[in-house]
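What follows is one structure encoded as structure tokens, with my remarks underneath.
In what follows, every chain begins at residue 1, and chains take the letters A, B, ... in the order their sequences are listed. This is a predicted model, so every value here is computed, not measured.
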Amino acid sequence: MTAMTVRTRFAPSPTGYVHVGSIRTALFAWLLAQQNNGVFILRLEDTDKAREVAGSGEHIMESLKRLGLQWDEGPDIGGPYGPYKQSERLATYRHWAQKLIDSGRAYADPYSPEQVERFRTDAKAAKHPFLYRDHRPNSPPKWDGTQPLRFHSEPKPYHWHDEVLGDLSAGAEVIDDFVLLKADGYPTYNFAHIIDDHLMQITHVIRSQEFTASVPRYLNLYEALRLEHPLLATMPYVMGPGGKKKLSKRDGAKDVLDYVRQGFLPEALVNFIATLGWNDGTEQEIFSMDELIKKFSLERVQRSGAQFDEQRLIWMDGCHIRQLPLEKLYKKVEHFWPKEATNYDTEYKHRVLALVQDRLKYGAELVELTKFFFTDLSVDASLLDSSKQLKKIDRQTIKKLLNQAKASLEQSDFTLDDVTHRLNELLETTAQKPAVLFSIIRIATTQAPASPGLADTLAVLGKERSLDRIDQALAAW
RNA sequence: GGCCCCUUCGUCUAGCGGUCCAGGACACUGGGUUUUCAUCCCAGCAAUCACGGGUUCGAAUCCCGUAGGGGUCACCA
């Protein structure tokens, strides 16, 4: 007996960008497909033309691609069960709607939107849940395609299993006659996704929490259609700051592409998003893509919401950066050099990158961290005053020490070994602590509040530039 | 209001009846590594496991309540 191919899907509506919360749903669906040698499908649910945002379909695809979540079937590349854009599948939905009409399980809604709205507000005023079927017409008109088409539900209680939440149940009171086809001819999500998941042979429906309350209605519809339902898995929300509300665009949730643009590594973003609400049961925190594919499981997905913590993402990106071989890191941060770096060859930039790899947290930080390797910064004497070690030492002493350093470095060939040797020698001849002597030289040669190790920095900077900067500092201090 | 779901350090979490007066990580604090910032290493801070009842020799873990939070009740997804 051959196991059924696992087919998962990510089905966003093109109404904007994807934030961390929705991308996590996509990631888990993708991981599940990869781990089972299955198929990951991208389907665009563009059935609400009022809310649709032009270009967001492309934007979503770009986001997935940049994170490495490539789909096997989708609107741009097609596949055996296309089209993968719901607006291009209208005839299919009408066909299935007709089946329901024929079996007496769908009927035309005779009310105007205002009338339905009135039913709703009345129910709300009476602190009652709104049920359309309380107003179900006895003899609905023949459906002519201009009225909404409603599902004729058969209310009953349901028990079902959710791969994440476990066994769930709900009573008959939540089952209602929801709209299948809107007056504009487009299907609702509630109808379209069921037809598509079936036709596209989806095995696992992984979706966010707001849909769990609707599951009993879906189950009722599956029965009316005589279809088996796929495995269902509910993802908890990713919460925004404060932890009370789900992450949302309204409250400033960032586009995942923004993180990519800031130079966060895809593998770090994926690691972070995956471990926000999932872990493998060990104390491991840093996972490669391959490890995630191997170890992921729906059963270990958290049942409660998880708050988004950017600090943790920053830390994690630093971890991934440090793990990367220099050459790979070089390729990934190519776009983040200070603009002055264009005048320098790749060998020099490699040497600079090697020095800052340990302290780099994300790509965009590269500018601040390496600026002084590429351009002379104006001499800033306030750096001396803000130094814990130097603020108590008078300018004359500082300049005297710097002159001594200059004298020695003028003799150096500026290899790392020689610079190191001379710096050590200077500590002895000046009888100074490194905290004092090295700070002076460091500030003189970098004019930066922070830099890599002094000997390394000088060796990369080179003799001419280092001595030049020492002279400038001596003149200005 | 009805229905459904959730509840362990500030945050992400481990834990599926005894090895937990609760472990790890982020953040924070202090110390160490020839300067700074960072890495790395040590140490510290931090949850009476939402609360109250049971069950049990024994409960963060099982059961029942309560409270708090969230979701849903659209011709949005």
Side-chain angles (χ1 to χ4, degrees), chain A residues 11-13 15 45-48 50-51 109 111 113 116-117 120 123-132 147-150 162 165-166 168-171 173-174 176 178-184 186-190 192-193 207-216 234 236-237 239 241 243-246 272 275-279 281-286 302-309 311-316 318-319 322 356-361 369 383 386-390 420 423-424 427 432-443 446 448-455:
Chain A
S13 64
T15 53
E45 311 220 317
D46 57 339
T47 55
D48 184 353
R51 288 206 317 153
D109 178 347
Y111 302 113
V116 177
E117 186 54 32
R120 199 188 330 277
K124 198 170 182 183
K127 300 204 165 192
H128 240 259
F130 168 67
L131 280 176
Y132 180 93
Q147 317 103 316
L149 186 71
R150 282 195 184 257
D162 185 284
L165 294 177
L168 302 176
S169 61
E173 69 280 358
V174 303
D176 197 17
F178 57 91
V179 171
L180 302 168
L181 297 178
K182 299 180 265 186
D184 65 5
Y186 284 84
T188 59
Y189 165 83
N190 299 137
H193 90 272
R207 61 167 53 120
S208 149
Q209 222 179 43
E210 67 254 38
F211 298 105
T212 45
S214 309
V215 167
T234 297
Y237 289 124
M239 313 298 259
K244 292 283 169 71
K245 289 167 73 181
K246 71 168 175 169
F272 172 72
T275 52
L276 229 197
W278 173 87
N279 69 81
T282 73
E283 285 176 358
Q284 184 171 352
E285 312 269 349
I286 305 297
Q302 210 70 23
R303 270 164 275 270
S304 54
Q307 200 172 316
F308 179 86
D309 180 9
Q311 294 271 32
R312 205 176 153 77
L313 169 62
I314 291 169
W315 163 74
M316 207 170 257
C319 290
R322 270 171 259 131
V356 299
Q357 178 167 16
D358 276 356
R359 64 202 65 210
L360 189 62
K361 294 286 208 303
L369 253 30
L383 287 170
S386 56
S387 160
K388 239 193 299 183
Q389 305 288 344
L390 302 182
T420 308
L423 289 175
N424 285 331
L427 287 176
Q432 284 293 338
K433 288 184 190 158
V436 172
L437 181 69
F438 289 1
S439 289
I440 293 170
I441 306 173
R442 196 189 67 74
I443 291 172
T446 65
S451 69
L454 182 57

Using atom [atom1] in both nucleotides, what's the gap between [N] and [M] to the nearest angstrom?
N: G23(B); M: A60(B); atom1: C1'; value: 13 Å
N: C49(B); M: C9(B); atom1: P; value: 9 Å
N: A50(B); M: C6(B); atom1: P; value: 14 Å
N: A14(B); M: C62(B); atom1: P; value: 14 Å
N: C37(B); M: C28(B); atom1: P; value: 14 Å
N: G24(B); M: G32(B); atom1: C1'; value: 23 Å
N: C26(B); M: A46(B); atom1: C1'; value: 13 Å
N: C12(B); M: C21(B); atom1: C1'; value: 24 Å

Which nucleotide, [options], lies nearest any side-chain atom of [X]?
X: Ala213(A); options: C75(B), U72(B), C37(B); value: U72(B)
X: Leu168(A); options: C73(B), C5(B), C12(B); value: C5(B)
X: Gln311(A); options: C26(B), U35(B), A77(B); value: C26(B)

Compare side-chain N and O positions of [X] against OP1 and OP2 of [N] and report whether any pair is under 4.0 Å apart.
X: Arg120(A); N: C75(B); value: yes
X: Lys246(A); N: U72(B); value: no
X: Gln284(A); N: A14(B); value: no
X: Asn279(A); N: U13(B); value: no
X: Arg150(A); N: C75(B); value: yes
X: Arg322(A); N: C40(B); value: yes
X: Ser169(A); N: C4(B); value: no

Distance check needed: [N] [atom2] versus [X] [atom1], whole Å only.
X: Ile314(A); N: C12(B); atom1: CD1; atom2: C1'; result: 15 Å
X: Asp184(A); N: C76(B); atom1: CG; atom2: C1'; result: 12 Å
X: Ile443(A); N: U35(B); atom1: CD1; atom2: C1'; result: 9 Å
X: Met316(A); N: G24(B); atom1: CE; atom2: C1'; result: 13 Å
X: Phe178(A); N: C76(B); atom1: CZ; atom2: P; result: 13 Å

Contact class for [X] (heavy atom, under 4.0 Å): base, sugar-phosphate, or nothing?
X: Glu45(A); result: sugar-phosphate
X: Gln302(A); result: sugar-phosphate
X: Ala306(A); result: sugar-phosphate
X: Lys361(A); result: sugar-phosphate
X: Tyr237(A); result: sugar-phosphate
X: Pro236(A); result: nothing
X: Ser451(A); result: base
X: Thr47(A); result: sugar-phosphate
X: Asp109(A); result: nothing
X: Thr275(A); result: sugar-phosphate
X: Arg303(A); result: sugar-phosphate
X: Tyr111(A); result: base
X: Leu427(A); result: base
X: Gly453(A); result: base

Under a 3.5 Å limit for both distances, which nucleotide forms a Watson-Crick or G-U wobble pair with [N], could you say?
N: A60(B); result: none
N: A43(B); result: U29(B)
N: U7(B); result: A67(B)
N: C16(B); result: none
N: U34(B); result: none

Using the closest heavy atom to pick a nucleotide of RNA chain B for each, name whichever of Lys127(A) or Trp315(A) lands nearer the 5' end.
->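 By nearest-heavy-atom nucleotide position, the 5'-most residue is Lys127(A).
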Nearest-nucleotide comparison on RNA chain B, the residue closer to the 5′ end among Ala126(A) and Arg442(A) =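 Final value for this comparison: Ala126(A).
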Under 3.5 Å, is there an N or O donor on one side and an acceptor on the other linking the side chain of Arg359(A) and the base of C37(B)?
->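 When only heavy-atom distances are counted, Arg359(A) does reach the base of C37(B) through a donor-acceptor pair under 3.5 Å.
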Would you kindly say whether Asp48(A) and Tyr189(A) are connected by a side-chain donor-acceptor distance under 3.5 Å?
->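 Asp48(A) vs Tyr189(A): no donor-acceptor pair found between side chains.
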Examine the side chains of Arg442(A) and Ser451(A) and answer whether a donor and an acceptor come within less than 3.5 Å of each other.
-> yes
How many angstroms lie between [atom1] in [X] and [atom2] in [Y], if you round to the nearest 0.5 Å?
X: Glu285(A); Y: Asn279(A); atom1: CD; atom2: CG; answer: 8.5 Å
X: Phe211(A); Y: Thr234(A); atom1: CZ; atom2: OG1; answer: 10.0 Å
X: Asp162(A); Y: Gln209(A); atom1: CG; atom2: CD; answer: 9.5 Å
X: Leu131(A); Y: Phe178(A); atom1: CG; atom2: CZ; answer: 13.0 Å
X: Arg322(A); Y: Arg359(A); atom1: CZ; atom2: CZ; answer: 11.0 Å
X: Phe130(A); Y: Glu117(A); atom1: CZ; atom2: CD; answer: 8.5 Å

What string of B, S and - do you get for nucleotides 59-68 of chain B, 5' to 3', if B is base contact, S is sugar-phosphate-only contact and - is no contact with any protein heavy atom under 4.0 Å?
-> ----------
Is it the case that Arg312(A) places NZ or CZ above or below the six-membered ring of Phe272(A), under 6.0 angstrom from the centre and within 45 degrees of the axis?
->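 Judged by the rule, Arg312(A) and Phe272(A) form no cation-pi pair.
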Do Ser13(A) and Arg51(A) have side-chain heavy atoms sitting under 4.5 Å apart?
-> yes
Can you tell if the side chain of Thr15(A) reaches within under 4.5 Å of the side chain of Asp46(A), non-hydrogen atoms only?
-> no
For Ser208(A) and Glu210(A), run side chain to side chain donor-acceptor pair (under 3.5 Å): C-alpha distance rounded to whole Å, both residues' side-chain angles, the deciding distance at 0.1 Å, then the answer.
-> CA-CA 6 Å; Ser208(A) 149; Glu210(A) 67 254 38; 2.5 Å; yes
